[in-house]
Amino acid sequence: MSQYVNRAVVLAKRPNGEPQNDDFRIEEQPLVPLAEGEILVRTVWLSLDPYMRPRMNDMKSYAAPTPIGGTMTGEVVGEVMESRSTKYSVGDRITAYGGWQEYFIKPDDAPMMYKIQDMGIPLQAYLGAAGMTGRTAYFGLTEIGKPQQGDTLVVSAASGAVGGIVGQLGKMYGCKVIGIAGGSEKCQFVVDELGFDACVDYKAGNLEKDLQQACPNGIDIYFENVGGDVTRAVAKLLNSGARVPICGYVSNYNDTDLSKVQTPQDILATSPNPPTARFFVQTEWQDQHQQTTQKLAQWVKDGQLVYRESIVEGIEQSIPAFQGMLKGKNFGKQLVSISPE
């Protein structure tokens, strides 16, 4: 295995506020010979997602924090280069939580590792619209949002990887879909390309008024990605019986005093009509992973789900791309091309 040299991005120290360059370190790591039942995987695509920022903090959450000196977590598409497994062969393409690194070794029974069933769509789509991003949108909307024909659905971070899929699914279910995004370019994309009914530009300075005009009959479902002032504006317009799937609240992830953060649940509780709301992760429905992935992949192939990607190349670019994503500099799904397909 000496022909392979792995480089990995590890957590050098815990950030105070916005992650800085010296919070990370790129290391060369040795690759040991495979044991029976293990595979060596070359990372082709790495997904960068907002959930990675809270994982950098030493705090209680749904998943353990990344340890100091540990490889940054992340889902990847990879290719099997060597195998001592009867389940995977050299050349198989897989999705797995391989982390921010160029190669990794996994046992063939590792959780949340799947062989990709080629359906003729771009490989990186299995990290986006047909992957974790798409499943997050699908399960959050269908299982918690419970959309009904004629519901008004509001989606924050509407031009983002999750929000864009939520809105398109909402239209499939017959909802009136209103997006919230930052800037006229993103709002135009949300309406013209993703097919939302309208999009409110929160950077225009009239969020509450513009949202009220876009939702004259109130809001039945709010898909939460942002938190903060966006959630405060939405909370005032929620109808009785409203549902709020909470995917995240990225506006607070870089706050330095997390003890003072108002969570979406805190803000929503002040609504005249407090909704049914809860935080969720798509792994709650892991038993439906493969059939849902196939359903989403078919919609992508048929053109029913469209998406945009921001792509950088090389493991070194994962750090600035991640920093920019947390500030909303990406447009759509943030990906890192680690090695050629």
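- Side-chain contact of Asn6 with Glu102: a donor-acceptor pair under 3.5 Å is absent, judged by distance alone.
- With no hydrogens or angles considered, no side-chain donor-acceptor pair links Ser271 and Lys236 at under 3.5 Å.
- Judged purely by atom type and a 3.5 angstrom limit, Glu224 uses its side chain to pair as donor or acceptor with the backbone of Val226.
- Of all heavy-atom pairs spanning Cys215 and Ile178, the tightest one is SG-CG1, 3.9 Å.
- By the 4.5 Å heavy-atom criterion applied to side chains, Ile68 and Arg14 are counted as neighbours.
- Smallest separation of non-hydrogen atoms from Thr263 and Tyr249: CG2-OH, 3.8 Å.
- Using a 4.0 Å cut-off between charged nitrogen and carboxylate oxygen, Lys171 and Asp197 count as a salt-bridge pair.
- There is no path of hydrophobic side-chain contacts, each under 4.5 Å, that joins Val177 to Leu238.
- Of all the heavy atoms in Gly163 and Phe196, the pair that sits closest is O-CZ, 3.6 Å.
- Shown here are the side chain to side chain donor-acceptor pair (under 3.5 Å) partners of Asn330, two or more places apart in sequence or in another chain: there are none.
- Heavy atoms of other residues, nucleotides or ligands lying less than 6.0 angstrom from CD of Glu313 number 12 at most.
- Among all heavy-atom pairs drawn from Leu268 and Ala235, the shortest one is CD2-CB, 4.4 Å.
- A side-chain donor-acceptor contact under 3.5 Å links Lys295 and Tyr138.
- With salt bridges taken as basic N to acidic carboxylate O contacts below 4.0 Å, none links Lys146 and Asp220.
- Applying the 6.0 Å contact sphere to CD of Glu185 captures no more than 12 heavy atoms from other residues, nucleotides or ligands.
- Side-chain contact between Trp100 and Leu48: present, with at least one pair of heavy atoms (C-beta onward) separated by less than 4.5 Å.
- Side-chain atoms of Asp302 never come within 3.5 Å of backbone atoms of Trp299 as a donor-acceptor pair (strictly under, hydrogens ignored).
- Ion pairing between a basic and an acidic side chain is recognised when a charged N comes within 4.0 Å of a carboxylate O; Arg84 and Glu38 show no such pairing.
- The existence of a salt bridge linking Glu309 and Lys333 is excluded, since no basic side-chain nitrogen approaches an acidic carboxylate oxygen closer than 4.0 Å.
- In this structure, the side chains of Tyr103 and Gln29 stay at 4.5 Å or more apart for every pair of heavy atoms.
- Between the side chains of Gln334 and Asp49, no donor-acceptor pair of N or O atoms lies under 3.5 Å.
- Residues Ile319 and Val9 are in side-chain contact: their nearest non-hydrogen atoms beyond the backbone lie under 4.5 Å apart.
- Side-chain atoms of Gln262 and Arg232 form a donor-acceptor pair, as typed in the model, at a separation below 3.5 Å.
- The backbone N or O of Gln323 sits nowhere less than 3.5 Å from a side-chain atom of Glu18 that would complete a donor-acceptor pair.
- Heavy-atom neighbours of Lys13 NZ from other residues, nucleotides or ligands within 6.0 Å: above the threshold of 12.
- For the residue pair Arg42 and Glu341, the shortest heavy atom distance occurs at NH2-O, 4.0 Å.
- Residues Lys106 and Phe104 form a side-chain contact, since some pair of their non-hydrogen atoms from C-beta on lies under 4.5 Å apart.
- Looking at heavy atoms from C-beta onward, Val234 lies in side-chain contact with Ile219 at the 4.5 angstrom threshold.
- Ile105 and Val77 fall into different hydrophobic clusters, defined by Ile, Leu, Val, Met, Phe, Trp and Tyr side-chain heavy atoms under 4.5 Å apart, directly or through other members.
- Between Arg53 and Pro15, the shortest heavy-atom distance links the atoms NH2-CB, 3.7 Å.
- Of the possible polar contacts, none joining the Thr133 side chain to the Ala129 backbone as a donor-acceptor pair under 3.5 Å is found.
- Within the 3.5 Å criterion, the main-chain N or O of Gly183 finds a donor-acceptor partner in the side chain of Asp201.
- In this structure, the side chains of Leu296 and Arg135 come closer than 4.5 Å at one or more pairs of heavy atoms.
- Side-chain atoms of Asp192 never come within 3.5 Å of backbone atoms of Phe189 as a donor-acceptor pair (strictly under, hydrogens ignored).
- Side chain of Gln304 to backbone of Val300: no donor-acceptor contact under 3.5 angstrom is found.
- Taking hydrophobic clusters as Ile, Leu, Val, Met, Phe, Trp and Tyr residues chained together by side-chain heavy-atom distances below 4.5 Å, Val155 shares a cluster with Tyr307.
- In this structure, Lys115 places its NZ atom where more than 12 heavy-atom neighbours from other residues, nucleotides or ligands lie under 6.0 Å away.
- No donor-acceptor contact under 3.5 angstrom links the side chains of Gln101 and Thr43, judged on distance only.
- Checked against the 6.0 Å centroid criterion, the rings of Tyr126 and Tyr114 do not qualify as a close aromatic pair.
- When only modelled atom types and interatomic distance are considered, Tyr222 and Ser156 share a side-chain donor-acceptor pair under 3.5 Å.
- Under the 4.5 Å side-chain heavy-atom criterion for Ile, Leu, Val, Met, Phe, Trp and Tyr, Leu11 and Tyr51 are members of the same hydrophobic cluster.
- Asp118 places a side-chain N or O within 3.5 Å of a backbone atom of Gly120 that can act as its donor or acceptor partner.
- For the pair Arg278 and Ile246, the minimum side-chain heavy-atom distance is 4.5 Å or more.
- Taken together through direct or relayed side-chain contacts under 4.5 Å among Ile, Leu, Val, Met, Phe, Trp and Tyr, Val162 and Val191 form parts of separate hydrophobic clusters.
- Judged by a 6.0 Å distance limit and a 45° cone about the ring axis, Arg308 is positioned over the six-membered ring of Phe331.
- A donor-acceptor pair under 3.5 Å is absent between the side-chain atoms of Trp45 and the main chain of Leu127, judged by distance alone.
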